[in-house]
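Bear in mind that the values here come from a model prediction, so they are computed numbers and not experimental data.
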Amino acid sequence: MHIALSSDEREEVLTFFQQKMVAKRTFLLQPGKIDRYIYFVTRGCLRMFYTDNEGIDHNICFYPENWWACDIVSFFKEKPAVNTIQALEDSEVYYMSLSRLEELFLKIPKFERFFRILTQNGFDLYQKRITSNLSKTAEERYLEFRKLYPGLENRIAQKHIASYLGITPAYLSMMRKEKQL
C-alpha cells in the first residue's frame, strides 16, 4: 500500500519485525507506561481506550486485521501513555521498536514516506471522528463505524461499540432494533 517494494526490499522489511500471539484481554500498553512498540495486526482485533476519573472506559479506536496500532504520542515522543491498548480477540501481531523503525527508515527510505502517509491518514481519521462526535447523531456515527470497520460489529462486544459511539449499550441496542441497522 502507498509504496512499491522490490521482492528483496519486502524480505528485508520482514527482518525488522517480531511476531507474537496475543491472548484476548491482554494489555499491550497501560497508562503511565511508554509505548515501546508499533504493532501490525494480522489476525484478531485490538482496541485503544482512555479510562476517565470515574473508571469509565472510552474506546478511541479499533485495530482489526491490516491496521497499525500504537499510541502515537507515547511511541514517537517516548512519553508515558494516557491510553490503554488491549486485545479484544486472540490476535496475531507483528511489531517493532522505535529504534528498529528508525533503522528501517535508513535502510529502506521509502518506508519514511509510507509512515508519513500512514500518519496523515490516521490524523485524518481522528479529525473526522472528533467532528462526527460533535456534529452527527448516534445513528449517523454508528453507520460511519460500520463503514470504517466492516463486519467488526459481529466480532466485538456491543459495549465496546457503544463506548466508541459515546452512547450506552442499551441505547445502541434500541437504536439497532428500531432502525433495523
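For Ile72, the side-chain contact (heavy atoms from CB on, under 4.5 Å) partners are Cys70, Phe76, Thr119, not counting sequence neighbours. Evaluation of the ring pair (Phe, Tyr, Trp, His ring centres under 6.0 Å) rule for Phe40 yields Trp68 as partners, not counting sequence neighbours. Shown here are the side-chain hydrogen bond (donor to acceptor under 3.5 Å, both in side chains) partners of Thr137, two or more places apart in sequence or in another chain: Glu140. Residues passing the side-chain contact (heavy atoms from CB on, under 4.5 Å) test with Glu9 are Leu5, Ser6, Ile108, Lys110, sequence neighbours excluded. Among residues two or more places apart in sequence or in another chain, the side-chain hydrogen bond (donor to acceptor under 3.5 Å, both in side chains) test is passed with Asp124 by Lys128. Applying the side-chain hydrogen bond (donor to acceptor under 3.5 Å, both in side chains) criterion to Asp8, with sequence neighbours excluded, gives no partner residue. For Gln120, the side-chain contact (heavy atoms from CB on, under 4.5 Å) partners at least two apart in sequence or on another chain are Arg116, Ile117. Under the side-chain contact (heavy atoms from CB on, under 4.5 Å) criterion, Ala138 pairs with Arg141, Ile167, Tyr171, Met175, not counting sequence neighbours. Ser132 meets the side-chain hydrogen bond (donor to acceptor under 3.5 Å, both in side chains) test with Glu144; sequence neighbours excluded.
The heavy-atom pair separating Cys45 from Ser91 by the smallest distance is N-OG, 3.1 Å. Contact detail for Val82 and Tyr50: the closest heavy-atom pair is O-CD1, 3.5 Å. Residues Ser173 and Gln158 approach most closely at CB-NE2, 3.3 Å, considering heavy atoms. Nearest approach of Pro80 to Ser74, heavy atoms of both residues: C-OG, 4.1 Å.
Using a 4.5 Å heavy-atom threshold, the side chains of Gln86 and Met48 count as separate.
Counting non-hydrogen atoms of other residues, nucleotides and ligands closer than 6.0 Å to CG of Asn53 gives a total of 12 or fewer. More than 12 non-hydrogen atoms from other residues, nucleotides or ligands lie less than 6.0 angstrom from NZ of Lys20.
The aromatic rings of Tyr63 and Trp67 sit perpendicular, their planes meeting at an angle over 60°, well past the 30° parallel limit. Note on ring orientation: taking the six-membered ring where Trp is involved, the planes of Phe62 and Tyr164 are tilted (angle from 30° to 60°).
Of the possible polar contacts, one joining the Asn59 side chain to the His160 backbone as a donor-acceptor pair under 3.5 Å is found. Within the 3.5 Å criterion, the main-chain N or O of Gln127 finds a donor-acceptor partner in the side chain of Thr131. For Thr51 (side chain) and Asp57 (main-chain N/O), no donor-acceptor pair under 3.5 Å exists by modelled atom type.
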Which donor-acceptor pairs under 3.5 Å do side chains of residues 22-35 form with protein atoms, sequence neighbours excluded?
from: Thr26; atom 1: OG1; to: Ala23; atom 2: O; distance (Å): 2.7
from: Asp35; atom 1: OD1; to: Tyr37; atom 2: N; distance (Å): 3.4
from: Asp35; atom 1: OD2; to: Asp71; atom 2: N; distance (Å): 2.7

Which atom pairs, donor and acceptor, lie under 3.5 Å between side-chain atoms of residues 96-107 and protein residues at least two apart or in another chain?
from: Ser97; atom 1: OG; to: Ser99; atom 2: OG; distance (Å): 3.1
from: Ser97; atom 1: OG; to: Arg100; atom 2: N; distance (Å): 3.2
from: Arg100; atom 1: NH1; to: Glu103; atom 2: OE1; distance (Å): 2.8
from: Arg100; atom 1: NH2; to: Thr15; atom 2: O; distance (Å): 3.2

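Cluster membership check: Met21 does not share its hydrophobic cluster with Tyr94, using side-chain heavy-atom separations under 4.5 Å among Ile, Leu, Val, Met, Phe, Trp and Tyr. Criterion: ILVMFWY side-chain heavy atoms under 4.5 Å apart, direct or through other members. Under it, Phe115 and Val73 are part of a common hydrophobic cluster. When hydrophobic clusters are built by joining Ile, Leu, Val, Met, Phe, Trp and Tyr residues whose side-chain heavy atoms come closer than 4.5 Å, directly or via intermediates, Phe49 is not grouped with Leu125.
Within the model, atoms OG1 of Thr42 and CD of Gln19 stand 6.5 Å from one another, a figure rounded to the nearest 0.5 Å. We find the CZ-CD1 distance between Arg47 and Ile60 to be 10.0 Å, quoted to the nearest 0.5 Å. Between the CD1 atom of Ile161 and the CZ atom of Phe145 there is a distance of 4.0 Å, given to the nearest 0.5 Å.
Applying the salt bridge (Lys or Arg N to Asp or Glu O under 4.0 Å) test to pairs two or more places apart or on separate chains, those with a residue in residues 85-97 are Glu89-Arg155.
Annotation: Phe114 is in aromatic contact with Phe111 [ring centroid separation under 6.0 Å].
Screening Arg176, Lys147, Lys136 for a side chain to side chain donor-acceptor pair (under 3.5 Å) involving Tyr142 leaves a single residue, Arg176.
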